[in-house]
Structures are given as structure tokens and as C-alpha cells.
2 protein chains.
Amino acid sequence: MSDKLEFTQEVIELARISKALSHPVRVYILLKLSKMDSCCYSGDLVEELPVGRSTLSQHLKELKYAGLIQGEIKPPYIKYCINRKNWERAKKLFASFLNNDLGVSTLLQKTESLIHS
Amino acid sequence: MSDKLEFTQEVIELARISKALSHPVRVYILLKLSKMDSCCYSGDLVEELPVGRSTLSQHLKELKYAGLIQGEIKPPYIKYCINRKNWERAKKLFASFLNNDLGVSTLLQKTESLIHS
DNA sequence: TTTATATTTCGCAAATATACGAAATGAATC
DNA sequence: GATTCATTTCGTATATTTGCGAAATATAAA
């Protein structure tokens, strides 16, 4: 069989989450938020991290877009927290990945099965 | 304390590995190689994956550079395998990350401690 | 030595990521 | 309404990533 296949959702999702974690600033933010089990202001983070405010805001936006964190507006602040549900999902996916629990059949699929499903 | 800090090796390494995993082709290759517990030719992969030969070669190069795989020349082929040692290290790092086993003190460090250590 | 095969490197184009300062936003307070 | 504060968006510059085909490389076979 030499047909080109498409990636499954699992593979695409793993890549998407990995991308969200592919910068030290974002790794740090996620580690801190998941550890604190509480929330955090953008202003607190910019004090510690070696980037400017607007750059930090971009990183927060990316993590939000990836669904890994969420912001709650508490004027004049915005409190950022881990998105527990998606974070647990990410953890499970990665655990499967690292422990080789993902079956070969979950790596690729034929185009047809995507179209007709 | 509002001094800017630097990232620890753990944070930098997590970001680096995540970056290597931030593309579906690379996730697929790593999953396949770690699952097979054997090796794989570039030619086999290009048959399955939706990218051309030179593009696949780039992805393999990146994974090699990240230390996650290694290539053994078996003319006229090159056999690619998981780099077991580094893969185990990556697994441990990620497991700590996902389980919140990394202490807060392992996230950032003062510039001084880098310079004088 | 020529030919065939597998893979990589090169050159290029397009898209995405990273960073910053300045300006804009949105809510509370004066 | 004007001011203040925390944060985001905009505009811009630069660097990196992704992709491809053509050319180069390296080895085995004819």
C-alpha cells in the first residue's frame, strides 16, 4: 500500500499542543498556573519574565487559543487560570504518547474514512 | 522582587522538545519509531506521509538535531531509530511537567546563579 | 566506468513566529 | 467628562519554518 494517508485527530492534536508548549515563556506560564492551582495576573508575570508586556500578551493569547488557559476579567485586571478540562485532556494524550499506548491505527487514516464518516 | 529572571534548563529543554514535536509529520515519525522498537527507512515513510522526499528529510534532520532519533547508514538506505537514551529523558521531563512534579524553584533562576555557577 | 538507487543539500518562495513601542480599549475613580 | 490603570491590538521589523523541485552525494550493481 503506497497511498498517502492523512493524520488522525490524535496526531494533529499532539502537534498542536506541542506547538503551544514550544516556547520557554509558554512552558513557564503553564507550569506556574497548573502548579499554583489558582490564577495569575498578566502584570505579575511580566515582572518575572524576560519579555515585554505586549509580547507576553501574545503568548497568553496563543495559550488561550490552544485552549490551555482562560482569562477572567476582574477589572482592572485579567485573571488567568489553567483550563482544567483541556489540560487534563492534554495530559492524557501526552501520557498515551509517551507510554506508547496509541495504537498504530490511531496514527493515520485513509482519506476515504474521513470523507465518509 | 521584580528582577527579571532566566529560565532553567528544564524549562528550556521542555520547550525545545515540544518544538521538535510541533508538527504532525514529526509526531507521527516518533510515534512510529518508538512503537516499532525497530528502525525505518526514509523511503518507507515517504510512501505513507503527505510530504515530499526533501521535506521529509528536513523533518528527520530536525528530529536528529533534537537528539530524539538517530540514523544508521546501511547503503543504499539509512535506517532511522529512536535515540533511546534521549527519548527516556524526554519522557521523564514531560511526565514531571504533566504531573506537576517540577518545583517552582526549577522554573526560573537568577542571572547571578548562572554566571557564578 | 557507467548506471541505478536512496537520500540529502541547495535555492527559492510563502507563511508563520517573535519581539518591541505606540496607540487603543475598557472599566473604575476623581 | 477627564483621568488612571492593566491589558490588548496595531504596525513594523526580523528570524524561523515549511514546502517543493533540481542538483548533488554516496554507494552498489552492471
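Each chain gets a letter, A, B and so on, in the order its sequence line appears, and its residues count up from 1.
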What pairs with [X] under side-chain contact (heavy atoms from CB on, under 4.5 Å), at least two apart in sequence or on another chain?
X: A:Ser54; value: none
X: B:Asp44; value: B:Cys40, B:Tyr41
X: B:Ile78; value: B:Ile73, B:Tyr80

Tell me which donor-acceptor pairs under 3.5 Å the side chains of residues 61-72 of chain B have, and how far apart each pair is, sequence neighbours excluded?
unit_1  : atom_1 : unit_2  : atom_2 : d
B:Glu62 : OE2    : B:Arg26 : NH1    : 3.2

For [X] and [N], what is the distance between atoms [atom1] and [atom2] respectively, to the nearest whole Å?
X: A:Asp44; N: D:dA6; atom1: CG; atom2: P; result: 11 Å
X: A:Tyr77; N: D:dA6; atom1: OH; atom2: P; result: 6 Å
X: B:Ile29; N: D:dT18; atom1: CD1; atom2: P; result: 12 Å
X: A:Ile78; N: C:dA28; atom1: CD1; atom2: P; result: 13 Å
X: B:Arg53; N: D:dC20; atom1: CZ; atom2: P; result: 12 Å
X: B:Tyr41; N: C:dA6; atom1: OH; atom2: P; result: 11 Å

Do [X] and [Y] come within less than 4.5 Å of each other through their side chains, counting heavy atoms only?
X: A:Val51; Y: A:Val46; answer: no
X: A:Phe94; Y: A:Ser18; answer: yes
X: B:Leu33; Y: B:Trp87; answer: no

Exercise for the section: Any chance you could lay out the side chain to side chain contact (heavy atoms under 4.5 Å, CB included) test for A:Leu56 and A:Ile29, step after step, and finish with the verdict? Expected result: CA-CA 10 Å; A:Leu56 174 62; A:Ile29 292 169; 3.7 Å; yes
Completion exercise
Rounding to the nearest 10°, end axes of the helix from C:dT1-D:dA30 to C:dC30-D:dG1 built from five pairs each make an angle of 0°
Under-3.5 Å N/O pairs linking protein and nucleotides 21-29 of chain D:
unit_1 : atom_1 : unit_2  : atom_2 : d
D:dG21 : N7     : B:Ser54 : OG     : 3.3
D:dG21 : O6     : B:Ser54 : OG     : 3.2

Practice task
Check salt bridge (charged side-chain N to carboxylate O under 4.0 Å, His left out) between B:Arg53 and all other residues, then give those that pass, not counting sequence neighbours.
Solution key: none
Exercise for the section: List in numerical order all residues of residues 58-65 of chain A for which some heavy atom is under 4.0 Å away from an atom belonging to DNA chain C. Expected result: A:Gln58, A:His59, A:Glu62
Handout entry: Residue pairs passing the salt bridge (Lys or Arg N to Asp or Glu O under 4.0 Å) test where at least one lies in residues 85-95 of chain B, sequence neighbours excluded
Key = B:Glu13-B:Arg89, B:Glu88-B:Lys91
Problem - B:Arg26 side-chain N/O to D:dT18 phosphate OP1/OP2 under 4.0 Å - result: yes
Problem - side-chain N/O A:Lys74 vs D:dA6 OP1/OP2, d < 4.0 Å - result: no
Fill in the blank from the handout: Picking from C:dA17, C:dT7, D:dT16, the nucleotide nearest the side-chain atoms of B:Lys19 would be D:dT16
Fill in the blank from the handout: Regarding the side chain of B:His23, the nearest nucleotide among D:dG19, D:dT16, C:dT7 is D:dG19
Practice task
Mind checking B:Ser42 for me? I need base, sugar-phosphate or nothing, with any heavy atom below 4.0 Å counting as a touch.
Solution key: sugar-phosphate
Handout entry: Minimal non-hydrogen separation, B:Asn100 against A:Lys35, with atom names
Key = O-NZ, 3.4 Å
